[in-house]
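Below is one structure, written out as structure tokens, with a few remarks after it.
Atoms within a ligand are numbered from 1 in the order they appear, just like the ligands themselves. Keep in mind the model is a prediction, meaning the values are calculated, not measured.
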Amino acid sequence: MSLKLYDTMTREKRPFVPRDPSRVTLYVCGPTVYNYAHIGNFRPVVVFDLLFRVLRRHYGEAHVLYAANVTDVDDKINRKAAEEGVPIKAITDRYLEAYNADAAALGALRPTFQPRVTETMDAIVGMIGDLVGNGAAYAAEGHVLFDTQAFADYGKLSKKPLDDLIAGARVDVAPYKKDPRDFVLWKPSKPGEPEWPSPWGPGRPGWHIECTAMIHQALGLPIDIHGGGVDLVFPHHENELAQGVCSGHGEREYARYWLHNGFLNMAEEKMSKSVGNVALAHDLLKTWPGEALRWALLAGHYRQELEWTDDLVAQAKANLDRLYRVLDDSARFLSGQPAPDGPQSELGAHDHAEVLQALDDDLNTPAAFAALFQLADKVRAAVMAKDALATASLRGLLLDAANLMGFLAADPQAWFQAGADDDLKARVEALIAARAEARAAKNWPEADRIRAELAALNVEVMDGPSGATWRIKEQA
Ligand SMILES: [Zn+2]
């Protein structure tokens, strides 16, 4: 079983071979922290978290290093800080904390490194110095620019014709540029805005150089996998590549594999913070469990565009309900059985392997979900057959495969009771206690009456050897 990934550079799916299997490196472009992030911003977070988990499964947790940067120097941050009359750090700390909380709620593991621009300034200035020293960058009017003519392969990643490259750069046309494609590495700050010292005058870095400097500092060049949204291929990743190769670090190699996730579309528009669509993960998490949002984000293949709708999330929630129900029912069946004792069953191992194989095939999540359901059906069949050994074994395989994907992390009881507010929970608990008393007193009519009252609340009560448990009933 081997991992294959679609590489944007070669435009093909090819076997993943790390440079050093004892030190596999992954870098993903992270957020600019000035506001709550849109659900679209979390698509790469969840997709590359899944890749991180798959890599850890293959190479071992200690052998995979994952860095995702935090852009904490930016015009939008400056504007927000000015509006509130606070230092930029007050803004960036607040929204980085919110971003990390949202990412955790979506089941994303914290990257190994989360470097911030303000804490990487020396490495950034150092790398600009390397580029100037190598003749790949020049200073002009307080700016330092990357000289795209110094890199013969410029345009290799995005494979855009020269005219497109110039058109893409046109927003930044300036008289001090030798070539319209040249891009900023360092620029003066506007009056009153934060600035840092450099050999070319005080100022701040351009956006592209921060990623290259952080990769070099956090992971070392070259890296195995560079990831991000497909909108970053040009100019951001094209420019990162040019900088990385010309910096003289990494033996003129930058990233061995380039992975890009497709857009998340909402109301047929590209999701972007600057457009102002309102679907903040922070808000969605008030209505939906994080796992349901994670499932929805992985519902389509990561390279395809994903249409974000309420139906998509509702279906994701229903799919998880189905799996949690199997988990809950099988746990209750097993709790009434003597601990199964016997050879580890091979039942279901095939379906388990199918989940992993689907993920190895360029993170084919739709196929992985289908295989998870096959495995869940087998667990249910083993419970129906009252086969404790097969149930325990299949249930273990289902949990392992789902956990690998970042699912079924909750206790099934908690999952099903999460939809109930505190009032309902208290009422149900009181009714269950009253019913237990009625049963102890052999007052069967009263016990039946209470059960009917619970049913009217859409609550299902399950009697087990260790007392009664309950869950919100499946929607018809
Ligand atoms: Zn980047």
Side-chain angles (χ1 to χ4, degrees), residues 7-9 25-34 37-38 40-49 51-52 65-77 92 96 99 103 108 111-121 123-128 131 146 148 151 154-158 168-169 172 183-187 204-247 249-250 253-263 272-274 302:
D7 178 13
T8 305
M9 178 66 86
T25 50
L26 166 66
Y27 182 88
V28 176
C29 297
T32 303
V33 280
Y34 68 98
H38 275 262
N41 296 98
F42 285 100
R43 189 172 190 202
V45 173
V46 165
V47 164
F48 292 106
D49 173 70
L51 177 60
F52 182 38
L65 302 178
Y66 171 23
N69 68 309
V70 176
T71 299
D72 62 354
V73 176
D74 182 88
D75 283 333
K76 295 188 256 338
I77 297 169
T92 57
L96 176 57
Y99 175 86
T112 325
F113 306 107
Q114 202 175 37
R116 299 173 68 145
V117 176
T118 50
E119 292 163 3
T120 318
M121 216 48 95
I124 293 171
V125 169
M127 182 158 279
I128 297 172
L131 289 167
F146 185 88
T148 48
F151 183 49
Y154 192 72
K156 187 182 171 189
L157 177 67
S158 53
D172 281 334
F183 55 89
V184 166
L185 300 174
W186 189 263
K187 61 184 176 185
R204 52 186 254 211
W207 172 39
H208 313 301
I209 192 68
E210 74 177 66
C211 283
T212 307
M214 285 178 182
I215 287 176
H216 183 49
Q217 176 163 291
L219 300 173
L221 285 170
I223 53 169
D224 289 310
I225 303 170
H226 195 312
V230 69
D231 52 326
L232 299 183
V233 175
F234 184 82
H236 185 52
H237 289 166
E238 193 74 62
N239 291 351
E240 275 194 45
L241 171 64
Q243 294 163 163
V245 171
C246 294
S247 71
H249 304 286
E253 194 178 21
Y254 188 65
R256 295 160 63 85
Y257 298 79
W258 290 89
L259 267 64
H260 293 100
N261 65 275
F263 286 127
S272 152
K273 272 193 271 198
S274 43
Y302 78 90

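- A centroid separation of 6.0 Å or more is found between the aromatic rings of Phe48 and Tyr27.
- Side-chain N/O atoms of His208 and Gln243 include no donor and acceptor closer than 3.5 Å.
- Within the 2.8 Å limit, Glu210 places no N, O or S atom next to the Zn ion (ligand 1).
- Between the side chains of Tyr66 and Asp49, no donor N or O sits under 3.5 Å from an acceptor N or O.
- Judged by distance alone, the side chains of Glu210 and Thr120 never bring a donor and an acceptor atom under 3.5 Å apart.
- Considering the Zn ion (ligand 1) as centre, the angle to SG of Cys29 and to SG of Cys211 is 130° (10° rounding).
- An angle of 80° is found at the Zn ion (ligand 1) between His236 atom NE2 and Glu240 atom OE2, rounded to 10°.
- Because the distance cut-off is set at 2.8 Å, His237 fails to qualify as a neighbour of the Zn ion (ligand 1), as none of its N, O or S atoms comes that close.
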